[in-house]
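Along the sequence shown, residues carry numbers from 1. Treat the numbers as computed from the prediction; the structure is a model and nothing was measured. Side chains included, hydrogens not; waters and symmetry mates left out as well; all remaining heavy atoms used.
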Amino acid sequence: MSEQVPILQIGQVLLVSIQTDLDDHAVMRLQDELASRVVESMADGVVIDITAVEIVDSFVGRMLATIATISRLLDADTVVVGMRPAVAITLVELGLSLGGVTTALTLDKGLRVLERRRLEAAGGDRDAGPGAVEAGSPPGGAIDS
């Protein structure tokens, strides 16, 4: 029997932490559970952490792309983080580009990608907290004259 993949909620982001190589059944179950959790939690972001994944086949590669597409259709930006060089090479050798899937090297970078998109969608600085710098502003923030 395959292991269940944990889905954690951090604010408005769901973190999917894949801790082991997945069989086909586990990937299908993850797809269904994540779609349900995106809707239930009204998450606006999904991070799929594949740092622990050492082996990927064409089915798992396609399903990562499918999971990201499903999340986007449910109004949640998706970032795949932690891809190992061997996994990236295997995906390329299999002819899978994961088109439309945003990737980042680390979880921190992936969360920053989602935050940047959230700010852009909100019109720049409307939802930004104190001290936030609008895109295109000087490094010290906007200067009022």
Side-chain angles (χ1 to χ4, degrees), residues 1-137 139 141-142:
M1 181 168 191
S2 58
E3 193 174 318
Q4 185 164 349
V5 177
I7 300 173
L8 308 172
Q9 185 166 355
I10 304 169
Q12 286 301 109
V13 175
L14 295 178
L15 172 61
V16 179
S17 182
I18 300 175
Q19 303 294 316
T20 158
D21 294 322
L22 300 175
D23 61 29
D24 295 356
H25 179 69
V27 173
M28 295 299 292
R29 191 168 63 218
L30 173 59
Q31 174 183 304
D32 294 340
E33 185 177 341
L34 182 58
S36 294
R37 290 285 304 273
V38 167
V39 171
E40 290 168 8
S41 67
M42 297 190 332
D44 61 16
V46 173
V47 175
I48 302 172
D49 184 357
I50 62 170
T51 304
V53 174
E54 294 183 25
I55 300 170
V56 67
D57 61 15
S58 61
F59 179 76
V60 172
R62 281 192 314 273
M63 288 311 296
L64 281 174
T66 299
I67 288 169
T69 301
I70 290 169
S71 296
R72 269 196 317 272
L73 289 172
L74 295 173
D75 200 25
D77 284 328
T78 303
V79 180
V80 175
V81 302
M83 188 175 301
R84 294 173 182 242
V87 171
I89 291 167
T90 300
L91 289 172
V92 170
E93 288 174 348
L94 291 171
L96 299 172
S97 66
L98 297 185
V101 176
T102 303
T103 61
L105 289 177
T106 65
L107 175 58
D108 183 55
K109 286 184 177 186
L111 290 171
R112 282 190 274 152
V113 165
L114 290 176
E115 181 63 22
R116 186 173 57 244
R117 287 181 179 173
R118 183 178 297 122
L119 289 173
E120 289 170 358
D125 65 343
R126 278 185 279 171
D127 288 339
V133 178
E134 187 175 341
S137 296

Sorted by chain and residue number, the side-chain hydrogen bond (donor to acceptor under 3.5 Å, both in side chains) partners of T102 (sequence neighbours excluded) come out as R117
The side-chain hydrogen bond (donor to acceptor under 3.5 Å, both in side chains) partners of T66 (sequence neighbours excluded) come to none
Quick one: pull up OG1 in T69 and CZ in R62 and give me the separation to the nearest 0.5 Å.
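If I round to the nearest 0.5 Å, the distance is 13.0 Å.
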List in chain and number order the residues that pass side-chain contact (heavy atoms from CB on, under 4.5 Å) with [X], two or more places apart in sequence or in another chain; answer none if no residue qualifies.
X	answer
S41	Q9, L14, A43
E33	Q4, I7, R37
V60	V27, V56, D57
A35	I70, L74

I need the minimum non-hydrogen distance between [X] and [Y], along with the two atoms involved.
X	Y	result
S71	L34	OG-CD2, 3.9 Å
V101	A65	CG2-CA, 3.8 Å
A76	V38	CB-CG1, 4.0 Å
G110	V79	CA-CG1, 3.9 Å

Side-chain heavy atoms of L107 within contact of L15, under 4.5 Å:
yes
Please tell me if the side chains of L64 and L91 come closer than 4.5 Å, counting only heavy atoms from C-beta onward.
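Side-chain contact under 4.5 Å: no.
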Is the side chain of Q19 donor-acceptor paired with the backbone N or O of V5 at a distance under 3.5 Å, no angle test?
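Not a single qualifying donor-acceptor pair exists.
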Hey, can you pull the donor-acceptor pairs under 3.5 Å for the side chains in residues 44-51, sequence neighbours left out?
residue, atom, partner, partner atom, Å
D44, OD1, R118, NH2, 2.8
D44, OD2, R118, NE, 3.1
D49, OD1, T51, N, 3.0
D49, OD1, T51, OG1, 2.5

Pairs touching residues 105-114 that satisfy salt bridge (charged side-chain N to carboxylate O under 4.0 Å, His left out), sequence neighbours left out
D108-R112
Taking salt bridge (charged side-chain N to carboxylate O under 4.0 Å, His left out) as the definition, give me every residue that meets it alongside R116, ordered by chain and number, with sequence neighbours left out.
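Once residues adjacent in sequence are excluded, R116 has no partner under the salt bridge (charged side-chain N to carboxylate O under 4.0 Å, His left out) criterion.
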Listing request: all side-chain hydrogen bond (donor to acceptor under 3.5 Å, both in side chains) pairs with a residue in residues 73-94, at least two apart in sequence or in separate chains.
none
